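Bear in mind the structure is a predicted one, so any value in this text is a computation, not a measurement.
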Amino acid sequence: MKNNINWDILVGKKILFASMPAEGHVNPLTGLAKYLQAKGADVRWYTGASYAPKMNKLGIALFPFNRATDFMTADLGELLPGREKIKGQVKKLVYDMIHVFIRQAPKFIDDLKDIRKEFPFDLVVAECTFTAIPIIKKVFQVPVVGVGIVPLTETSRDLPPMGLGMTPSYTIAGKVKQQFLRFITDKVLFRQANLVSYEILDSYGVKHTRSNMFDFNVKSSDLYLQSGTPGFEYRRSDMGTNIKFIGSLLPYSSGNKFTAWSDIRLNQYEKIIVVTQGTVEKDVEKLLVPTLEAYKGTDTLVICTTGGSQTNE
């Protein structure tokens, strides 16, 4: 297919990247940032101060969090003393979503207001957990490109609710059950987090459908670039038209350091399983080791991506 894109329109455009300060949130966007920079755009980044060395190496100016809190490099127990008293994984997850992500949005916006005085950005590119996405267009009247660094979080009538790790059912009975679970998840399990989201969006006059926090960033992005391919996602009949799959999002490399990986065993097994814990979880006993143990001695090839944790072991 012939590429008719006129890249000259990017020359001089001011583009601000925004992300939570964590490896899995920053690294996937660096290749895109450098690409736009090479096309003549003035690219800068808003994230935690701990990423100053990386941005300096990339040649991208950093606007560090000022009012926003860098929870990723801090002791959550110290910053959120009430967290340790919470019992139950779901309740703790909701607590973290509210305090680490959702309630940060107004602080992000205040920081962006200060940034815009110095850098009047024409476009914001933000990864999908940056909770200010729905507010940016309302406040700054600029387009926002969201980037899905995790599996697609948009709610679908064809799928169970996001976050429960359930395999979808496409039978009539299964769809009815999933509809009920989506209702319970929104109105019970994640109710408090959703209510806080509504409160913040309402305070800025941002229109929404009172759906859930997993939908807001996806649906409010002018363009949503989802990492991976459609085949990595469950089938959806109602996927948003603003969502475009863009393949793998690899960290920027100044040279051709990435080489294609292959292994003769890929052609020897009918069943192949890929298992990863990402870069945040360091304990391989939680997922990698149990998966290897479960399929040991079977006619299944297991491929592990370690995120740098105990790779040799």
Side-chain angles (χ1 to χ4, degrees), residues 1-66 68 70 72-73 108-109 111-133 136-137 139-150 217-218 220-228 242-260 279:
M1 182 181 295
K2 189 175 181 180
N3 189 341
N4 294 318
I5 298 175
N6 178 17
W7 293 108
D8 291 340
I9 63 173
L10 285 173
V11 176
K13 292 295 183 182
K14 295 177 171 58
I15 301 177
L16 182 68
F17 276 67
S19 65
M20 296 297 285
E23 292 294 279
H25 299 246
V26 174
N27 286 341
L29 275 62
T30 54
L32 177 59
K34 291 298 292 182
Y35 183 82
L36 294 174
Q37 188 183 63
K39 293 299 181 181
D42 183 354
V43 176
R44 308 192 189 184
W45 208 299
Y46 170 64
T47 191
S50 58
Y51 277 85
K54 180 181 286 290
M55 293 302 152
N56 183 57
K57 188 175 180 180
L58 287 169
I60 297 176
L62 171 69
F63 293 107
F65 284 3
N66 183 18
D70 184 352
M72 303 302 176
T73 59
F108 292 151
I109 294 298
D111 279 350
L112 292 180
K113 287 179 179 178
D114 290 340
I115 291 171
R116 198 141 201 250
K117 295 174 184 176
E118 176 182 345
F119 183 65
F121 45 83
D122 303 300
L123 170 71
V124 175
V125 179
E127 49 90 4
C128 59
T129 69
F130 189 75
T131 50
I133 288 177
I136 291 173
K137 182 186 290 187
V139 173
F140 301 105
Q141 301 296 307
V142 298
V144 182
V145 175
V147 183
I149 59 168
V150 299
N217 284 356
V218 179
S220 60
S221 296
D222 293 274
L223 177 65
Y224 192 82
L225 306 177
Q226 176 61 43
S227 63
N242 64 329
I243 299 170
K244 307 296 179 186
F245 287 90
I246 57 172
S248 58
L249 284 171
L250 299 176
Y252 173 74
S253 174
S254 58
N256 296 321
K257 297 178 182 178
F258 293 104
T259 56
T279 56

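Here the side chains of K117 and D114 are in contact, with some heavy-atom distance below 4.5 Å. Proximity of V150 to C128: side-chain heavy atoms (C-beta onward) are separated by under 4.5 Å at one or more points. For the pair L62/F17, no side-chain contact is recorded, criterion being any heavy-atom separation below 4.5 Å from C-beta on. Contact check for N27 versus K54: side-chain heavy atoms found under the 4.5 Å cut-off. Side-chain contact between F63 and D111 is absent, with no heavy atoms from C-beta onward closer than 4.5 Å. Side-chain contact between I15 and V125: present, with at least one pair of heavy atoms (C-beta onward) separated by less than 4.5 Å. Residues N242 and L223 are not in side-chain contact: their nearest non-hydrogen atoms beyond the backbone lie 4.5 Å or more apart. Using a 4.5 Å cut-off on side-chain heavy atoms (C-beta onward), I115 and K113 make no contact.
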Margin query: side chain to side chain contact (heavy atoms under 4.5 Å, CB included) for V145 and L225? Distances and angles first, verdict last.
Written below: CA-CA 7 Å; V145 175; L225 306 177; 3.8 Å; yes
Checklist line | Stepwise side chain to side chain contact (heavy atoms under 4.5 Å, CB included) check, I109 with F140 | finding: CA-CA 9 Å; I109 294 298; F140 301 105; 4.1 Å; yes
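The nearest pair of heavy atoms linking F121 to R116 is O-NH2, 3.0 Å. Contact between A68 and Y46 at its shortest, heavy atoms only, is CB-OH, 3.6 Å. In plain terms, the two heavy atoms of S50 and P21 that are nearest each other are OG-CB, 4.5 Å. Smallest separation of non-hydrogen atoms from F108 and A132: CB-CB, 3.8 Å. In this structure, L29 and A18 approach most closely via the heavy-atom pair CD2-O, 4.5 Å. Contact detail for S19 and F65: the closest heavy-atom pair is O-CZ, 3.7 Å.
Here K14 contributes atom NZ and R44 contributes atom CZ; the two are 7.5 Å apart, rounded to the nearest 0.5 Å. Note that CG of L249 is 9.0 Å distant from OG1 of T30, once rounded to the nearest 0.5 Å. Summarising the geometry, atom CG belonging to D42 is positioned 11.5 Å from atom CG belonging to L36; distances are rounded to the nearest 0.5 Å.
Side-chain contact check for Q37 and Y252: no donor-acceptor pair (N or O, by modelled atom type) lies under 3.5 Å.
The only member of L123, L16, I136 that meets side chain to side chain contact (heavy atoms under 4.5 Å, CB included) when paired with V142 is I136. Between E127 and the options V26, N217, I133, I149, a side chain to side chain contact (heavy atoms under 4.5 Å, CB included) holds for only I149.
Within 6.0 Å of the NZ atom in K34, the count of heavy atoms belonging to other residues, nucleotides or ligands exceeds 12.
Salt bridge present: D222 and K137 bring a charged side-chain N and a carboxylate O closer than 4.0 Å.
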